[in-house]
Each structure stands twice: as structure tokens, then as C-alpha cells.
There are 2 protein chains.
Amino acid sequence: METLNAAELLAALGHESRLAIFRLLVEAGPAGVNASAIGEQLGMAPATLSFHLAHLSRVGLIAGERESRFIHYSANFGTMDELIAFLTSNCCQGEACLPKTTCCDTTEKRRAKTGKTA
Amino acid sequence: METLNAAELLAALGHESRLAIFRLLVEAGPAGVNASAIGEQLGMAPATLSFHLAHLSRVGLIAGERESRFIHYSANFGTMDELIAFLTSNCCQGEACLPKTTCCDTTEKRRAKTGKTA
DNA sequence: CAACAAATTCAACAATTATTGAATTCCATT
DNA sequence: AATGGAATTCAATAATTGTTGAATTTGTTG
């Protein structure tokens with residue numbers, strides 16, 4: 001990932017409303033949440049919500065899929081993955097400096113659950 | 001970490017110049033880099049650079065320490081750690097969805113090097 | 001097809017953020 | 001204490017981004 005692209009993703013998440021939307025979708029998982037339900041939970045006006053959803057979609061952090069009258073939005077975990085990889089890459093010329101990321105702890109927990117080693 | 005605080009950090013990183021500064025400092029490691037050297041490497045005017053350094057400092061992503069006439073700036077890895085932890089927490093109600101973060105790969109590599117298991 | 005609900009788009013305005021030349025502060029050296 | 005370099009602050013301006021009511025599109029249902 002290039003710096004310009006990563007900056008776009010970070011800027012998209014760097015707004016309280018958009019971050020709240022994204023976190024909601026991350027916690028909701030692949031099933032997704034429809035726009036009006038998001039607006040209701042976060043107390044956002046429809047037009048404002050659409051503006052932020054469009055922004056997050058444009059940069060590829062979320063995606064919407066129409067299902068009858070509703071549009072279900074869900075987080076794009078792959079994009080998030082790439083962003084975190086970019087942020088932590090080439091850290092400290094290979095020296096240990098990020099020893100306790102919860103990201104890794106979470107992976108540990110997942111392994112403990114599933115029994116898989118990779 | 002709260003959403004508001006995380007959004008501030010992400011917004012700080014969500015600007016191409018500031019992200020470039022931060023990445024430079026992450027790669028430089030704890031030793032840090034002085035302001036004019038940063039400006040030279042990234043081709044930024046002094047006043048512009050100061051503005052962005054102040055922003056990154058204010059939110060706690062970097063810190064500057066004076067050494068004679070120079071001010072050495074370095075990345076605050078702890079803050080970065082917390083941010084990544086926030087972004088990846090409560091993901092998908094505990095289901096696996098971020099299986100291949102380089103963050104974790106890097107931890108693996110580090111363990112392979114040091115021989116430590118935690 | 002008329003009525004309604006979900007969601008977006010539009011347009012106008014408000015608010016915030018970024019850039020930069022000039023002035024200033026801080027420190028070391030002579 | 002004067003010179004000069006590192007870095008910041010200031011002030012004015014430029015540019016971008018966010019908000020929202022009203023209008024519009026899209027799809028469902030009576």
C-alpha cells in the first residue's frame with residue numbers, strides 16, 4: 001500500500017461519525033447493517049449518514065449491498081488488514097517496538113480457540 | 001481507547017504529509033530524526049513541517065526532545081499500539097476475520113528471532 | 001398506479017484545516 | 001554581545017470538508 005492510499009483510508013476513519021459507523025460495522029460482522037438502522041443507533045440525519053457512507057465506500061473500507069428496499073453495509077476487513085500491515089511495516093528497522101498489540105493478542109486468543117497454529 | 005480519541009489519532013495520520021512524517025519516524029526507530037532532516041527528506045517548508053509536527057505531538061503520536069539546537073522527534077509506539085488495538089477489538093463478535101495481519105506476522109518473525117514465546 | 005418508506009443527491013451554507021512568508025525564540029559559537 | 005542556524009509562531013489567505021432541508025430515485029405494497 002502506498003502512503004497516499006493509506007492516508008485516504010486514515011482520513012476516512014479520522015472523523016468521529018465515520019469511525020463510529022465503521023466500528024459498528026466491524027462489530028456487526030459480515031452480516032452487515034442497513035443504513036437506517038445505523039442512523040438510528042448513532043443518531044445521524046439521513047443526509048449526513050449517506051455522505052459518510054459514501055465516503056467510506058469510495059475508499060473501500062465498507063461496501064453496501066441492496067436487499068429489497070434496504071441497503072446492507074458491511075466492513076471490508078481486507079482493506080483494514082492492509083492498512084494495519086502498512087502502519088506496522090518496516091518498524092524500527094526490524095527491532096522489537098510493538099510488543100503488545102492487541103491485534104496479536106486477539107490472534108493468540110483465536111488460535112487458542114480454534115487450535116490452529118496459522 | 002474511546003472513539004473520539006481514536007478519531008483524533010486517525011485524523012492526524014490521515015494527511016499525506018503527516019503520514020509520511022510518521023512513517024519516517026517509525027522506520028527511524030527510537031533514535032528519532034531532527035526537524036530539518038525530516039523537512040529535507042520530505043521536501044517540506046519549515047513552517048508547514050512545524051505545523052504538522054505540532055499536530056502529531058498534540059495527539060501523542062510523536063514526541064520531540066531538544067538536543068542543543070536540534071529537536072529530535074520520534075514515534076510514540078505505545079500510542080500506535082493502542083490505536084491498532086482499538087481498531088481490531090470486538091471484531092466480528094469474536095469470529096476470525098482478520099487472519100493475516102502483518103502486525104502479527106511481524107510478531108511471529110520477532111519471536112523466531114528472539115526465541116521468546118511471549 | 002397511488003402511496004409510502006429507504007436511501008441518495010443536490011445546493012447552499014458553516015466550519016475546519018492547510019499553506020506560507022515574515023517575524024520571533026532559542027541555543028551555540030566566535 | 002553579536003552572528004548565524006534550528007525551529008516555532010504569527011497572521012493572512014487558500015482550500016477542503018461537514019451539515020442539513022428539500023427534492024429525487026428506487027423499490028414495495030395496498
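Below, all heavy atoms of this structure are taken into account, side chains as well, without hydrogens, waters or symmetry copies. Proteins come first, then strands; the chains are lettered A, B, ... in the order of their sequence lines, and each starts at number 1.
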### Task
List in chain and number order the residues that pass side-chain contact (heavy atoms from CB on, under 4.5 Å) with B:His55, two or more places apart in sequence or in another chain; answer none if no residue qualifies.
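B:His55 satisfies side-chain contact (heavy atoms from CB on, under 4.5 Å) with B:Ala12, B:Arg18, B:Arg58, B:Val59 once adjacent residues are dropped.
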
### Listed partners of A:Ala35 passing side-chain contact (heavy atoms from CB on, under 4.5 Å), at least two apart
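With sequence neighbours excluded, A:Ala35 shows a side-chain contact (heavy atoms from CB on, under 4.5 Å) to A:Leu49, A:Leu53, A:Tyr73, given in chain and number order.
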
### Message
Just N and O in the side chain of B:Asn34: are any of them under 4.0 Å from OP1 or OP2 of D:dA6?
### Response
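False: B:Asn34 side-chain N/O out of range (4.0 Å or more) of D:dA6 OP1/OP2.
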
### Query
Does OP1 or OP2 of D:dA6 have a side-chain N or O of B:Tyr73 closer than 4.0 Å?
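For D:dA6, neither OP1 nor OP2 has a side-chain N or O of B:Tyr73 closer than 4.0 Å.
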
Rounded to the nearest Å, what distance is computed from the [atom1] atom of residue [X] to the [atom2] atom of nucleotide [N]?
{"X": "A:Arg18", "N": "C:dT16", "atom1": "CZ", "atom2": "P", "result": "15 Å"}
{"X": "A:His72", "N": "C:dA7", "atom1": "NE2", "atom2": "C1'", "result": "13 Å"}
{"X": "B:Ile71", "N": "D:dT9", "atom1": "CD1", "atom2": "P", "result": "9 Å"}
{"X": "A:Leu53", "N": "D:dG18", "atom1": "CG", "atom2": "P", "result": "13 Å"}
{"X": "B:Leu19", "N": "C:dA18", "atom1": "CG", "atom2": "C1'", "result": "16 Å"}
{"X": "B:Ile62", "N": "D:dA7", "atom1": "CD1", "atom2": "C1'", "result": "13 Å"}
{"X": "B:Glu16", "N": "C:dA18", "atom1": "CD", "atom2": "C1'", "result": "13 Å"}
{"X": "B:Glu8", "N": "C:dT16", "atom1": "CD", "atom2": "P", "result": "14 Å"}

### Query
NA contact type, A:Ser36, heavy-atom cut-off 4.0 Å: base, sugar-phosphate, or nothing?
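Here A:Ser36 touches the backbone only, sparing every base.
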
Would [X] and [Y] show up in the same hydrophobic cluster when neighbours are defined by side-chain heavy atoms closer than 4.5 Å?
{"X": "B:Leu10", "Y": "A:Phe51", "value": "no"}
{"X": "A:Val26", "Y": "A:Ile71", "value": "yes"}
{"X": "B:Met44", "Y": "B:Phe70", "value": "no"}

### Message
Strictly under 4.0 angstrom, non-hydrogen atoms only: write out the protein contact profile of nucleotides 19-30 of chain D, one letter per nucleotide from the 5' end, B, S or -.
### Response
BBB----SBS--

### Message
Quick check: closest heavy atoms across A:Phe22 and A:Ile62, and the distance to 0.1 Å?
### Response
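Reported closest heavy-atom pair: CD1-CG2, 3.9 Å.
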
### Query
Would you say A:Arg66's side chain and A:Ser68's backbone share a donor-acceptor pair under 3.5 angstrom?
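Between the backbone of A:Ser68 and the side chain of A:Arg66 there is a qualifying donor-acceptor contact (under 3.5 Å).
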
